[in-house]
Participant: 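This is the structure I want to talk about, given as structure tokens.
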Amino acid sequence: MDTINREAYGAAADKLAAFAASADVQRIGVVAEEILSVAGLLRREPRLRRALADPGRSSDDHAALLRSVLSGKVSDEALELLVTLVSGRWSGPGAMLDGVELLGVTAELSGVDRAGDLGDVEDELFRFGQVASGDSRLAAALADTTAPAGARAQLIRDLLEGKAKPATVRLAELAVAGFGGRGFDSSLTRLIELAAKQRDHSVAYVTTAVALTDGEEQRLAARLAALYGREVSLKIDVDPRIIGGMRVKVGSDLYDGTVSRRLAEAKTALAK
């Protein structure tokens, strides 16, 4: 996956933030859906994708091409955000597509945040990931990139509609489509992290042998918040296989105090 050009993306992100600060929740949701629909179009149309990221064309050419394709098909707000995005300099068509997808997700999360549902959506995505990983047939179906994208999206809707918030369903569909060129599991993880970031939280993935009490969760969250200097959203997985102790992963940091790890280390030391 190409790296997103932060300068090119930042101009569109700033414009999105200004729009989301004054628009109502429904309007933000419409714009988010339109941007993600355009991302789907770019994913299906490599020639258009390449043309919009072609370094031999000027920014004005990119903007004019996008307007010719989208005028009258999306709202003025979505069009202007996308024009700002494609007018930047991109390292390649993959990076530009990643930028469009990220802009759509950020718009979606902005609307969810304004509605007060962001924490619920974040938790629903995590729980769905747990359900999927715990069912080998479901995990294989969601990760099968040889299956039609529409069929996998329908599977998401069949599983989640009426049981999760609409934004959760839309984001899970994006995960199964391969958000940012990732596989399903990695896409879902990235979306959870973006939802937490929207709330100015970090995500801590916690594995324990037994469920934590409310008090234990609060103390762990407070310790991690003090360590990282920001609020931390705990995503807890109970796995008896670790025997005891706890494993905590925050970004690239891993703290493994599990009994299973200590036993493995002892076994290795004895074998020397």
Participant: Is the count of non-hydrogen atoms from other residues, nucleotides or ligands lying under 6.0 Å from Gln130 atom CD greater than 12?
Facilitator: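 Yes, because the 6.0 Å sphere around CD of Gln130 holds more than 12 heavy atoms from other groups.
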
Participant: Can you confirm whether the side chains of Ser58 and Asp60 place a donor and an acceptor under 3.5 Å from each other?
Facilitator: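 Note: Ser58 and Asp60 side chains miss the donor-acceptor criterion.
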
Participant: Check whether any side-chain heavy atom of Asp237 sits under 4.5 Å from a side-chain heavy atom of Val206, and report yes or no.
Facilitator: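 Heavy-atom side-chain distance check fails, nothing below 4.5 Å.
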
Participant: Please round to the nearest 0.5 Å and tell me the distance separating atom CD of Gln218 and atom CG of Leu234.
Facilitator: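 So the gap between those two atoms works out to 10.0 Å.
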
Participant: Any chance you could measure Arg219, atom CZ, to Leu212, atom CG, to the nearest 0.5 Å?
Facilitator: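 Those atoms lie 9.5 Å apart.
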
Participant: Below 4.5 Å, heavy atoms only, C-beta onward: do Met246 and Thr207 meet side chain to side chain?
Facilitator: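 A side-chain contact under 4.5 Å is absent here.
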
Participant: Answer yes or no: does atom CD of Glu33 have more than 12 heavy-atom neighbours from other residues, nucleotides or ligands under 6.0 Å?
Facilitator: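 Result for CD/Glu33: open.
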
Participant: Using a strict 4.0 Å threshold on nitrogen-to-oxygen distance, state whether Lys235 and Asp123 make a salt bridge.
Facilitator: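 Yes, this pair counts.
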
Participant: Is it true that Arg152 and Asp144 have a side-chain N and a carboxylate O under 4.0 angstrom from each other?
Facilitator: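 Looking at Arg152 and Asp144, the cut-off is not met.
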
Participant: Set out, in order, the CA-CA distance, both residues' side-chain angles and the distance that settles side-chain contact (heavy atoms from CB on, under 4.5 Å) for Phe179 and Val105, then state yes or no.
Facilitator: CA-CA 10 Å; Phe179 171 55; Val105 168; 3.8 Å; yes

Participant: Got Leu70 and Val83 here, is their nearest side-chain heavy-atom distance under 4.5 Å?
Facilitator: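 Leu70 does not reach Val83 side chain to side chain.
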
Participant: When you compare the side chains of Tyr9 and Asp98, does any donor N or O come within less than 3.5 Å of an acceptor on the partner?
Facilitator: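 No, no side-chain donor-acceptor contact under 3.5 Å.
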
Participant: With a cut-off of under 6.0 Å to the ring centre and 45° to the axis, is Arg230 in cation-pi contact with Tyr228?
Facilitator: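 Cation-pi check for Arg230 and Tyr228: fails.
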
Participant: Decide salt bridge (Lys or Arg N to Asp or Glu O under 4.0 Å) for Glu122 and Arg199; before the verdict, give the C-alpha distance in whole Å, the side-chain angles of both, and the deciding distance to 0.1 Å.
Facilitator: CA-CA 10 Å; Glu122 183 185 322; Arg199 298 195 293 151; 2.9 Å; yes

Participant: Taking atom CG of Asp158 as the centre, report whether more than 12 heavy atoms of other residues, nucleotides or ligands fall under 6.0 Å from it.
Facilitator: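 Correct, the count exceeds 12.
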
Participant: Is the shortest heavy-atom distance from the side chain of Val31 to the side chain of Ser75 under 4.5 Å?
Facilitator: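 Yes, their side chains come closer than 4.5 Å.
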
Participant: Check this for me, if you would: do Glu80 and Lys15 make a salt bridge, where the nitrogen-to-carboxylate-oxygen distance has to be below 4.0 angstrom?
Facilitator: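 Here Glu80 does not pair with Lys15 in a salt bridge, since their nearest N and O are not under 4.0 Å apart.
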
Participant: What are the two closest non-hydrogen atoms of Ala204 and Leu224, and how far apart are they?
Facilitator: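 So the two residues come closest at CB-CD1, 3.7 Å.
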
Participant: What is the ring orientation for Phe126 with Tyr205, classed by angle as parallel under 30°, tilted 30 to 60°, or perpendicular over 60°?
Facilitator: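 Aromatic pair Phe126/Tyr205 classed tilted.
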
Participant: Taking C-beta and beyond as the side chain, do Leu42 and Leu52 meet within less than 4.5 Å on heavy atoms?
Facilitator: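 Result yes, sub-4.5 Å side-chain heavy-atom pair found.
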
Participant: Are any of the side-chain nitrogens in Arg137 or Asp135 under 4.0 Å away from the carboxylate oxygens of its partner?
Facilitator: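 No salt bridge links Arg137 with Asp135.
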
Participant: Taking all non-hydrogen atoms of both residues, which atom of Leu159 and which atom of Lys163 are closest, and how far apart?
Facilitator: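 Closest approach of Leu159 to Lys163: O-CD, 3.4 Å.
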
Participant: Taking the basic N atoms (NZ, or NE/NH1/NH2) and the acidic carboxylate oxygens, is any pair closer than 4.0 Å for Arg170 and Glu108?
Facilitator: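 A salt bridge is present here (some side-chain N lies under 4.0 Å from a carboxylate O).
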
Participant: Are any of the side-chain heavy atoms of Glu216 and Leu220 separated by less than 4.5 Å?
Facilitator: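 Of all side-chain heavy-atom pairs linking Leu220 with Glu216, none is under 4.5 Å.
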
Participant: Within a strict 4.5 Å, meaning less than it, do heavy atoms of the Val112 and Thr168 side chains meet?
Facilitator: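 No, too far: nothing below the 4.5 Å cut-off.
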
Participant: Which pair of non-hydrogen atoms, one from Ala172 and one from Leu125, has the smallest distance, and what is that distance?
Facilitator: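 Looking at all heavy atoms of both residues, the shortest contact is N-CD2, 4.1 Å.
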
